[in-house]
Amino acid sequence: MIGAAGRDPTEAPEERRFLSTEEAAALERELLEDYRFGRQQLVELCGHASAVAVTKVFPLPALSRKQRTVLVVCGPEQNGAVGLVCARHLRVFEYEPTIFYPTRSLDPLHRDLTTQCEKMDIPFLSYLPTEVSAPRQLRGRWGMMPQGCPLLYLPSQVQLINDAYGLVVDAVLGPGVEPGEVGGPCTRALATLKLLSIPLVSLDIPSGWDAETGGGDSEDGLRPDVLVSLAAPKRCAGRFSGRHHFVAGRFVPDDVRRKFALRLPGYTGTDCVAAL
């Protein structure tokens, strides 16, 4: 009989650092069904650890006031929920997060997390500067542009984001979520993030990447400086070439790590993230 992760449980599995999409889903089911973790609990653990990873690379004492500002871009799926939690913890850690959440989920968990951020006075952007249509932006300055002409790639508009924030957290798409599935605003946001020169931190996988093969060269892919793998790295993380890669999976029980043959670095002291 083949186990949930697609291997014969009687055979000793070969240790590895990356999980396939099927194995990652099986690991999550193990946590939810066998260990009785709640979905909100997992999102909270991952979001907190993601914020801690940000503090490891961008420690507050070393940052100027402008560099403490963080733009957190959230999608409507589970990765977006993790981003909302990350933003809340960044505020607790005395950073200055702002959230762009263009396609809001009706899921009660997302709504609760949004309310928590709002109650903590974390600002929400109604649009990115690059998402304003050309006629509205240019009227009275250079005259009317042709209908439908966007400002998505206008350098001065991208520079507004570069000047306003010290870094960006990408929590738009998770494994198995295609850009077209979450609507135009998220797709346009990803196109904007590709143009920024400030550091980019992606949660779990870089948005637009295929969780199995990578796909950093695809139209909607990103090239983050920092990757925070949630629970365990996905196969696409093997193609990550940024400066820092963390795994946020200290909450994963040892038995589960052994079952999925994860060979990952140990966690130091009370750290909830480990550098890979």
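Note that the structure is a prediction, hence the values are computed from the model and not measured.
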(request) Say whether Val226 and Tyr267 are linked into one hydrophobic cluster, either directly or through other cluster members, by side-chain heavy-atom distances under 4.5 angstrom. (result) no
(message) Ignoring hydrogens, what is the shortest heavy-atom contact between His245 and Phe240? Give both atom names and the distance.
(response) CB-CE2, 3.8 Å
(request) Provide the closest heavy-atom pair for Met120 versus Arg91 in the form atom of the first, atom of the second, distance. (result) O-NH1, 2.8 Å
(message) Can you tell me how far apart CZ (Arg188) and CG (Leu128) are? Round to the nearest 0.5 Å.
(response) 10.0 Å
(request) Determine yes or no for a side-chain-to-main-chain donor-acceptor pair under 3.5 angstrom, with Thr69 supplying the side chain and Gly166 the backbone. (result) yes
(request) Determine whether Glu77 and Ser105 make a side-chain contact, defined as any pair of heavy atoms from C-beta on separated by less than 4.5 Å. (result) no
(message) Just verifying a value: how many Å separate Phe18 CZ and Leu276 CG, rounded to the nearest 0.5 Å?
(response) 7.5 Å
(message) Side chains of Gln78 and His110 only: does a donor on one sit below 3.5 Å from an acceptor on the other?
(response) no
(message) For Leu167 and Val54: C-alpha separation, side-chain torsions, deciding distance, then whether side chain to side chain contact (heavy atoms under 4.5 Å, CB included) applies.
(response) CA-CA 10 Å; Leu167 64 125; Val54 171; 4.2 Å; yes
(message) Once rounded to the nearest 0.5 Å, what's the spacing between atom CG of Leu227 and atom OG of Ser202?
(response) 6.5 Å
(request) State whether the side chain of Gln41 and the backbone N or O of Gly38 hold a donor-acceptor pair below 3.5 Å, judged by distance alone. (result) yes
(message) What I'd like to find out is whether the side chain of Leu109 reaches to under 4.5 Å of the side chain of Arg39, using heavy atoms alone.
(response) yes
(request) With side chain to side chain donor-acceptor pair (under 3.5 Å) as the test, would you mind laying out the steps for Thr115 and Glu118 before giving the verdict? (result) CA-CA 5 Å; Thr115 298; Glu118 292 172 339; 4.5 Å; no
(message) Checking the side chain of Glu28 only, and the main-chain atoms of Ala25 only, is there a donor and an acceptor separated by less than 3.5 Å?
(response) no
(message) With clusters defined by side-chain heavy atoms of hydrophobic residues (ILVMFWY) lying less than 4.5 Å apart, directly or transitively, does Leu203 cluster with Val85?
(response) yes
(message) Are Val201 and Asp225 packed together at the side-chain level, in the sense that at least one heavy-atom pair is separated by less than 4.5 angstrom?
(response) no
(message) Less than 4.5 Å apart, side chain to side chain, heavy atoms only: is that true for Leu42 and Phe251?
(response) yes
(request) Check Gln67 against Ala62 and note the closest heavy-atom contact, atom names and distance. (result) OE1-O, 4.0 Å
(request) Spell out, as yes or no, whether a donor-acceptor pair under 3.5 Å connects the side chain of Arg223 to the backbone of Gly242. (result) no
(request) Report, as yes or no, whether the 6.0 Å neighbourhood of atom CD on Gln40 holds more than 12 heavy atoms from other residues, nucleotides or ligands. (result) no
(request) Check the pair Thr114 / Arg104 against side chain to side chain contact (heavy atoms under 4.5 Å, CB included), numbers first and verdict last. (result) CA-CA 9 Å; Thr114 299; Arg104 297 200 179 194; 3.4 Å; yes
(message) I want to check something: taking the side chain as every heavy atom from C-beta on, are Leu173 and Asn79 in contact at a cut-off of under 4.5 Å?
(response) no
(message) Looking at every non-hydrogen atom in both residues, tell me the closest pair between Asp204 and Ala232 and how far apart they are.
(response) OD1-O, 4.5 Å
(message) Any heavy-atom pair between the side chains of Leu71 and Val169 that's under 4.5 Å?
(response) no
(request) Output yes when a side-chain donor or acceptor of Arg250 lies under 3.5 Å from a complementary backbone atom of Asp271, and no otherwise. (result) yes
(message) Tell me whether Asp170 contacts the main-chain N or O of Ser207 through its side chain, where contact means a donor paired with an acceptor under 3.5 Å.
(response) yes
(request) Determine whether Pro233 and Leu264 make a side-chain contact, defined as any pair of heavy atoms from C-beta on separated by less than 4.5 Å. (result) yes
(message) With a 4.5 Å cut-off on side-chain heavy atoms, are Leu222 and Val172 touching?
(response) no
(request) Measure the CD1-CD1 distance between Ile161 and Ile198 for me, rounded to the nearest 0.5 Å. (result) 7.5 Å
(request) Check the pair Val72 / Val70 against side chain to side chain contact (heavy atoms under 4.5 Å, CB included), numbers first and verdict last. (result) CA-CA 6 Å; Val72 183; Val70 183; 4.1 Å; yes
(message) On a heavy-atom basis, which atom in His244 and which in Val57 lie closest, and how many Å separate them?
(response) CD2-CG1, 3.6 Å
(message) Same cluster or not: Phe246 versus Leu90, using hydrophobic residues (I, L, V, M, F, W, Y) connected whenever any side-chain heavy atoms lie under 4.5 Å apart?
(response) yes
(message) For a quick test of reading the model, state the closest non-hydrogen atom pair linking Leu113 to Arg88 and the distance between them.
(response) CD2-NH2, 3.9 Å
(request) Rounded to the nearest 0.5 Å, what's the gap from CD1 on Ile205 to CZ on Arg235? Could you check? (result) 14.0 Å
(request) Kindly work out whether a path of hydrophobic side-chain contacts (I/L/V/M/F/W/Y, heavy atoms less than 4.5 Å apart) joins Phe260 to Leu45. (result) yes
(request) Show your reasoning for whether side chain to side chain contact (heavy atoms under 4.5 Å, CB included) applies to Leu196 and Tyr165. (result) CA-CA 10 Å; Leu196 300 178; Tyr165 301 100; over 6 Å; no
(request) Starting at CD of Glu96, measure out to CG of Leu60 and round the result to the nearest 0.5 Å. (result) 9.0 Å
(request) Determine whether Val82 and Phe93 fall in the same hydrophobic cluster, where Ile, Leu, Val, Met, Phe, Trp and Tyr are linked whenever their side-chain heavy atoms lie under 4.5 Å apart. (result) yes
(request) Assign the ring pair Tyr101 / Phe124 to parallel, tilted or perpendicular, where the plane angle (0 to 90°) is split at 30° and 60°. (result) tilted
